[in-house]
Amino acid sequence: MRPRVLKSQTPEFRKFLASILARRGGDSASIDGAVSKIIADVRERGDRALIDLTSRFDGVKLTLATLRVTPAERHSALNRIPAEDRRALELAAERIAEFHRRTMEQSFIYRDKSGMRLGQMVLPMRRVGIYVPGGLGAYPSSVLMNAIPAKVAGVAEIVMVSPPSSEGERLAVLAAAEIAGVDEFYRVGGAHAVAALAYGTESIKPVDKIVGPGNAYVQAAKRMVYGVTDIDKMAGPSEVLVIADDRAHPEWIAADLIAQAEHGSGDEAAVLLTTSASIANRVAEAVEAALKSLPRARQVEAALVKRGAMVVVHDLNEAFELANEIGPEHLELDIRNPSRWLPRVRAAGAVFLGPLTPAPLGDYLAGPNHVLPTGGAARFASPLGAYDFLKRTSIIEASTGAIAALGPTVAHLARMEGFEGHARAIELRNGAPDGKAKRAGRNRNAEQAQNLTKRS
């Protein structure tokens, strides 16, 4: 299978671009009914529903005793995985923590010229839930990327859920949970796990926020419980967009496109924008050659047929305009002096500069989070970080001088909006007698009525 090669500004390309942009805000109505029933079942039957639904969807029979992964099991897994695996996980954990410590917000307080003390108190959330997908694979990197920022933020209780496998325990996932400092770990996944985190069961207490990727059912459940608890973002299939010039390495770019297309959903997007027709064709040839020996070739082919292409653009200016319109999860700049073009990037989850920086580096242990906005959400959303586990509380302390200086204006603004009670609450503290406030209020209301009559 050889990926398509297109030229920008052609009807074929516009059709392809429309298919990429169509991934935004996918309609989940077809699964909402099923997810609503699952959530209702968990709310009604608690742990028993979790056990029944896990048997139904994952083919694993749990008991009340095996629903939770014990600390001893996590610690044992850490000692049972190969030493090289443990070293890799620990190195990744160190780098992720180091980066996220730099993203922490700080409390502050100051006194303004009126004499009022103003500030913001930044505190960690008390209890958060992290969802780690299971399915056909084990994803210890997702454990690290979700749990470590919460730990850095100072979250007191980190609760992890992940679907069990009928093939046995995923030791690497258990070990990663131990390394990341997870406090509670439950063998449950899917929409029912999200419901348990949001509403609680006999075994699982509710959390303040749910983070982490999952399938369409998990995403629908997160959307439905939002408001009862907070969520991070609506995660979708993986995406990569590479901008390359005529000096790029075709085999390297082909490998990067394949890397993001091999996740297996078939909805991944892998796009090359290049100023060189030769590079576009050589990358297509390199992808075709690499697929012959790739274990997951079938999944990659399915994704590339749907949302994969090599696109020849007029120049780099056009490439960046298209990249900002698409808003990719991963944006690789395989061009001369890539840092010079950073100011042109307006919508990307993560930017990878230069040919030696492929997206998989960020997927595992560069340090920045691999939980990134997808589906064009990079236009308004950000990567997961320690800041996502912090909440902010405003601090206000007035003085006599501040009330004297600012109180009349506050009262004026309140009466502009028709809130006499607001105005009086201020004026009483400024020494205004109640009768004066009432007279001022009546005069203001009469003036508003006259203005309304004139306008009508």
For a side-chain hydrogen bond (donor to acceptor under 3.5 Å, both in side chains) check, start with the C-alpha distance between Arg344 and Asn324, then their side-chain angles and the critical distance, and finish with the verdict. CA-CA 9 Å; Arg344 295 294 304 275; Asn324 288 329; over 6 Å; no
Show, in sequence, the C-alpha distance, side-chain angles and deciding distance for Leu428 and Ile426, and conclude whether the side-chain contact (heavy atoms from CB on, under 4.5 Å) test is met. CA-CA 6 Å; Leu428 284 170; Ile426 291 294; over 6 Å; no
Verdict with supporting geometry, Lys151 and Asp183, side-chain contact (heavy atoms from CB on, under 4.5 Å): CA-CA 10 Å; Lys151 182 64 69 174; Asp183 297 289; 4.2 Å; yes
Test side-chain contact (heavy atoms from CB on, under 4.5 Å) on Gln106 and Met104 and set out the steps. CA-CA 7 Å; Gln106 301 294 325; Met104 287 286 290; 4.2 Å; yes
Derivation and outcome, side-chain contact (heavy atoms from CB on, under 4.5 Å), residues Leu322 and Leu17: CA-CA 9 Å; Leu322 289 171; Leu17 180 61; 4.2 Å; yes
With salt bridge (charged side-chain N to carboxylate O under 4.0 Å, His left out) as the criterion, how do Glu427 and Arg415 come out once you've worked through the C-alpha distance, each side chain's angles and the decisive distance to 0.1 Å? CA-CA 12 Å; Glu427 289 175 335; Arg415 291 193 174 104; 2.9 Å; yes
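Side-chain atoms of Asp58 never come within 3.5 Å of backbone atoms of Val60 as a donor-acceptor pair (strictly under, hydrogens ignored). Distance alone, capped at 3.5 Å, is enough to place a donor-acceptor pair between the Asp208 side chain and the Arg127 backbone. A donor-acceptor contact shorter than 3.5 Å links the side chain of Asn215 to the backbone of Val218. A donor-acceptor contact shorter than 3.5 Å links the side chain of Ser107 to the backbone of Val122. At distances below 3.5 Å, at least one donor-acceptor pair connects side-chain atoms of Lys233 with backbone N or O atoms of Ser382. Within the 3.5 Å criterion, the main-chain N or O of Val132 finds a donor-acceptor partner in the side chain of Ser162. In this structure a side-chain-to-backbone donor-acceptor pair under 3.5 Å is present from Arg187 to Thr66. One N or O on the side chain of Glu268 and one on the backbone of Gly266 form a donor-acceptor pair closer than 3.5 Å. In this structure a side-chain-to-backbone donor-acceptor pair under 3.5 Å is missing from Asp41 to Lys37.
His330 places a side-chain heavy atom less than 4.5 Å from the side chain of Ser238. Looking only at side-chain heavy atoms (C-beta outward), Ile326 and Leu241 come within less than 4.5 Å of each other. Two residues are said to be in side-chain contact when any heavy atoms from C-beta on lie closer than 4.5 Å; Ser19 and Lys306 fail this criterion. Under the 4.5 Å side-chain criterion, counting only non-hydrogen atoms from C-beta, Ile130 is not in contact with Val159. Using a 4.5 Å heavy-atom cutoff, the side chains of Ile210 and Val225 are in contact. Here the side chains of Gln120 and Thr393 are not in contact, with every heavy-atom distance at 4.5 Å or above. Side-chain atoms of Ile231 and Val211, non-hydrogen and from C-beta on, never get closer than 4.5 Å to each other. You'll find the side chain of His314 stays beyond 4.5 Å of the side chain of Thr275, heavy atoms only.
If you take CG on Leu144 and CG on Leu365, they are separated by 9.5 Å, rounding to the nearest 0.5 Å. Taking CG of Leu50 as the start and CD1 of Ile204 as the end, the distance is 5.5 Å to the nearest 0.5 Å. One finds the OG atom of Ser394 at 9.0 Å from the CG atom of Leu118 (value rounded to the nearest 0.5 Å). Taken from CD1 in Ile179 to CG in Leu89, the straight-line distance is 4.5 Å, to the nearest 0.5 Å. Distance check: Arg87 CZ to Asp85 CG gives 9.0 Å after rounding to the nearest 0.5 Å. The line from CD of Glu332 to CG of Leu272 is 10.0 Å long, rounded to the nearest 0.5 Å.
When the shell of 6.0 Å around CZ of Arg45 is examined, it contains more than 12 heavy atoms from other residues, nucleotides or ligands. The environment of CZ in Arg429 is sparse: at most 12 heavy-atom neighbours from other residues, nucleotides or ligands sit within 6.0 Å. Atom NE2 of His263 is surrounded by more than 12 heavy atoms from other residues, nucleotides or ligands within 6.0 Å. Residue Tyr217 places its OH atom among 12 or fewer non-hydrogen atoms of other residues, nucleotides or ligands, all under 6.0 Å distant.
Residues Glu73 and Ser76 bring no donor and acceptor atom of their side chains to less than 3.5 Å of each other. No hydrogens or angles considered: a donor-acceptor pair under 3.5 Å links the side chains of Thr201 and Asp47. In this structure, a donor-acceptor pair under 3.5 Å is absent between the side chains of Gln260 and Glu329. Ser8 and Glu318 form a side-chain donor-acceptor contact under 3.5 Å, judged by distance and modelled atom types alone.
Pro338 and Ile335 make their closest contact through CD-O, 3.3 Å (heavy atoms, listed as atom of the first residue, atom of the second, distance). Between Pro124 and Ala153, the shortest heavy-atom distance links the atoms CB-O, 3.2 Å. Taking both residues in full, the closest heavy atoms of Gly236 and Thr374 are given as N-OG1, 2.8 Å, listed atom of the first, atom of the second, then distance. Across all non-hydrogen atoms, the minimal contact from Ala77 to Ala175 is CB-N, 4.0 Å. Heavy atoms only, all atoms of each residue included: Ile20 and Val271 are closest at CD1-CG2, 4.2 Å. A pairwise comparison of heavy atoms in Ala244 and Ile253 identifies CB-CD1, 3.6 Å as the closest pair.
Between Glu157 and Lys205 there is no salt bridge, since no side-chain nitrogen of the basic residue lies less than 4.0 Å from a carboxylate oxygen of the acidic one. Using a cut-off of 4.0 Å between Lys/Arg side-chain N and Asp/Glu carboxylate O, Arg74 and Glu184 are scored as not salt-bridged.
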Pairs under 3.5 angstrom only: tabulate donor-acceptor contacts from the side chains of residues 383-390 to other protein residues two or more places apart or in another chain.
{"unit_1": "Tyr387", "atom_1": "OH", "unit_2": "Pro383", "atom_2": "O", "d": "2.8"}
{"unit_1": "Asp388", "atom_1": "OD2", "unit_2": "Gly385", "atom_2": "N", "d": "2.8"}

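In this view, Asp230 and Lys209 satisfy the salt bridge (Lys or Arg N to Asp or Glu O under 4.0 Å) rule, not counting sequence neighbours. Remark: Arg307 engages Asp267 in a salt bridge (Lys or Arg N to Asp or Glu O under 4.0 Å) (not counting sequence neighbours). For Asp232, the salt bridge (Lys or Arg N to Asp or Glu O under 4.0 Å) partners at least two apart in sequence or on another chain are Lys222.
Residues in residues 87-134 take part in no ring-ring contact (aromatic ring centres under 6.0 Å, His included) pair, two or more places apart or across chains. Judged as a ring-ring contact (aromatic ring centres under 6.0 Å, His included), the pairs with a partner in residues 188-212 (not counting sequence neighbours) are, in order, Phe57-His192.
Taking the six-membered ring where the residue is Trp, Trp341 and Phe320 present parallel rings, their angle staying beneath 30° rather than reaching 60°.
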